[in-house]
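Residue numbers begin at 1 in each chain, while the letters A, B, ... track the order of the sequences.
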Number of protein chains: 2
Amino acid sequence: MSTMQEVAKKAGVSKATVSRVLSGKGYVSEATKDQVYKAIEEAGYRPNLLARNLATNKSQCIGLVVTNTLYNGSYFSGLLSQAAQKLEDNGRQLILVDGKHSAEEEQAAIQFLLDLRCDAIIIYPRFLTIDVMDDIIEQYKQPIMVVNRRLRKHQSHCICCDHKGASFNATKYLIEQGHRDIAFITGSLDSPTAIERLSGYKEALNQYGITPQDSLILKGKWTPASGAAAIELLLSNQTTFSAVLASNDDMAIGAIKTLSQTGIAVPDSVSVIGFDNIPTAPYLHPALSSVKDPVSDMMNEVIDRLISMLDGGYLSKDNLFTSNLLIRESVSKGPFWGK
Amino acid sequence: MSTMQEVAKKAGVSKATVSRVLSGKGYVSEATKDQVYKAIEEAGYRPNLLARNLATNKSQCIGLVVTNTLYNGSYFSGLLSQAAQKLEDNGRQLILVDGKHSAEEEQAAIQFLLDLRCDAIIIYPRFLTIDVMDDIIEQYKQPIMVVNRRLRKHQSHCICCDHKGASFNATKYLIEQGHRDIAFITGSLDSPTAIERLSGYKEALNQYGITPQDSLILKGKWTPASGAAAIELLLSNQTTFSAVLASNDDMAIGAIKTLSQTGIAVPDSVSVIGFDNIPTAPYLHPALSSVKDPVSDMMNEVIDRLISMLDGGYLSKDNLFTSNLLIRESVSKGPFWGK
DNA sequence: TTGTAAGCGTTATCAA
DNA sequence: TTGATAACGCTTACAA
């Protein structure tokens, strides 16, 4: 692969001039410009991004850390391409790094991106605690944004949404439909999102004078299989229920599958609602209703802020994000299908 | 961020020694090692990967080019995380770049990875023609592998599978079940995979003395919506059919949705088979049967070859891949569900 | 076992 | 309008 030096030689100019032509900065006569372009063409020259990044101390890359349990599924894929597109429109590249299955690995992923000298980092955390993230943000000068967690110290560096409220509303909706025995399938309980959704459910029940029943609260793991297992448990215990609220669509799908196989009509005998509203949701099962999760909105917001910060020059971190936590209220119920 | 120089100073040694400690190459006494480690700790030092990559002319990164229409969906996501994991187990990172919606953009994606000095590149092409790819492979010294296309010149640089045969077998299966009016929903016809699947269908019909009917061949676009539209067209034309073979699961799902809404029982009145066997397939619809697509096997194979090449040292490109095209015969039919 | 110094391919600051 | 030349932070002969 030819270097800038070779191009310079071919064009009969210096490296510096070639660099100027390429960057468009500084004055270069039209004549030499032409020569340089011709030389570039001839040499099949391509700039070495590593060298450029090293020299400029910029990479034009934004890192994203996500655990693969999240991006390995229909939930995250749309988000990903949307984020990548948005960044590219701004002349940047998205680098995705797997946060894997532990806080340590999530941290390692962040470190890797830092080591790569990414211009900024977006974290969609799964295991990392708020305190650790607050520390990390303090430690590095690269802007780091956290999605879907409420940080304590650096509130301007995070964006999250009201999972509890969304869950509350979904439960309320079911109650208003006349349901009183509403089963709830939780997500993995080491996830704040799962906790918030559970508490929204409980709060709604309480508010309507219904005592939450332990027997109606099933521990799931976000997977269709765990949703199916939850329903099986319910049935084998002969617990009465007329509605199911699952903490995500995947579990709702698993739940519906088991119900259908057992000959229980959805939604005629049992109503099922999930969360996240994954893109294929409308096709997944005619009886699945879902509460939208605004991750894609959040991601857009994060990228906007990041870009305006990076492009905006030397804004101080603390002043940049004047708006507070972005809370979105987002319960959009899909229709019950198939009647 | 502190540099190696600073660490060296702190430890009272030279940069070179620090480098040796870090890389584990060359002799360093235990005593100085300890000092260096202490200094690293104290300084909170982290190596600058850009600088290292520039110096070594290696990035430990493997690039993957995929069009977002592919990775934005349940089809590719599993594959992605699997590939990333496999590479990481080998101390490498996967960089995913969007091939977008045209041959030019796919080429640009490849260029970007080349410019980043990725150690190797994997292309899952959508628009790029075989000839262009053959040219590119010739042009660069980085190993470039192509998945799901049969190259002309550099057969050792590609891995593909027998879509036609799989489609043939699926059609044959339906015929053997007694179906004669089998509708076929194609994928986008600018895709070789779509063409191959269509020709497998036709060939099977011909072999069993059934003349392919134009009215039974519907043009789809890989999306659930286009699958649904295809069935609507069929119904509005009052074309007779007792089975549907859709060129991928997404379209099959769309097809099933329309059939169900119209009150046509699947699979009692109409059998539906899709392709690709996406992970959620078993949960998508009880009546969906699917033919497995071996992409994940192919991807594994590609990575294995790439790694063995990169690690193996100075093997010449031409001699490395002694095995020929990897053709996998892979028709694993799921059971018809729900009876 | 360690240090010196020459790269790696750019950018960017000065002079000219 | 251009050319030297010093960074950028690391690796790696080659010497010592």
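One can place CG of A:Asn53 at 14 Å from C1' of C:dC8, the figure rounded to the nearest angstrom. For A:Leu22 and C:dT10, the CG to P distance is 9 Å, given to the nearest whole Å. A:Leu54 has its CG atom 6 Å from the C1' atom of D:dG9, to the nearest Å. Distance CD (A:Gln5) to P (D:dT5): 13 Å, rounded to an integer number of Å. Residue A:Asn57 contributes atom CG, which lies 14 Å from atom C1' of D:dC10 at whole-angstrom precision. Distance B:Lys25 NZ to D:dC10 C1': 13 Å, rounded to the nearest Å. Between the CE atom of B:Met4 and the P atom of C:dG3 there is a distance of 13 Å, rounded to whole Å. The CZ-C1' distance, from A:Arg117 to D:dC10, rounds to 11 Å in whole Å.
Toward the 5' end of DNA chain C, the nearer of the two residues B:Tyr27 and B:Ala55, judged by each one's closest nucleotide, is B:Tyr27. Residue B:Ala51 is the one, among B:Ala51 and B:Arg20, whose nearest nucleotide of DNA chain D lies closer to the 5' end (criterion: closest heavy atom). Mapping B:Gly26 and B:Lys15 onto DNA chain C by nearest heavy atom places B:Gly26 at the nucleotide closer to the 5' end.
Residue contacts shown for B:Ser23 are absent, as no nucleic acid heavy atom lies under 4.0 Å away. Residue-level contact check: A:Ser29 touches the backbone only, with heavy atoms under 4.0 Å from sugar-phosphate atoms and none from bases. Looking at heavy-atom distances under 4.0 Å, A:Arg46 makes contact with sugar-phosphate atoms alone, never a base. Contacts of A:Asn48 with the nucleic acid, taken as non-hydrogen atoms under 4.0 Å apart, involve only primed sugar atoms and P, OP1 or OP2.
For A:Val28, counting side-chain heavy atoms from C-beta on, the closest listed nucleotide (C:dT4, D:dT2, C:dC8) is D:dT2.
Applying the 4.0 Å criterion to OP1 and OP2 of D:dT12, one finds that B:Thr56 has every side-chain N and O outside that range.
Exactly one of B:Thr32, B:Val36, B:Val28, B:Val13 qualifies for a side-chain contact (heavy atoms from CB on, under 4.5 Å) with B:Arg20. That residue is B:Val28. Considering A:Thr193, A:Asn148, A:Asp190 as possible partners of A:Arg126, the one that fulfils the side-chain hydrogen bond (donor to acceptor under 3.5 Å, both in side chains) test is A:Asp190.
For B:Asn53 and B:Lys58, the side-chain atoms include no donor-acceptor pair closer than 3.5 Å.
B:Arg305 is listed as a side-chain neighbour of B:Met145, based on a closest heavy-atom distance under 4.5 Å.
Using a cutoff of 4.0 Å between basic side-chain nitrogens and carboxylate oxygens, B:Glu106 and B:Lys100 are not scored as salt-bridged.
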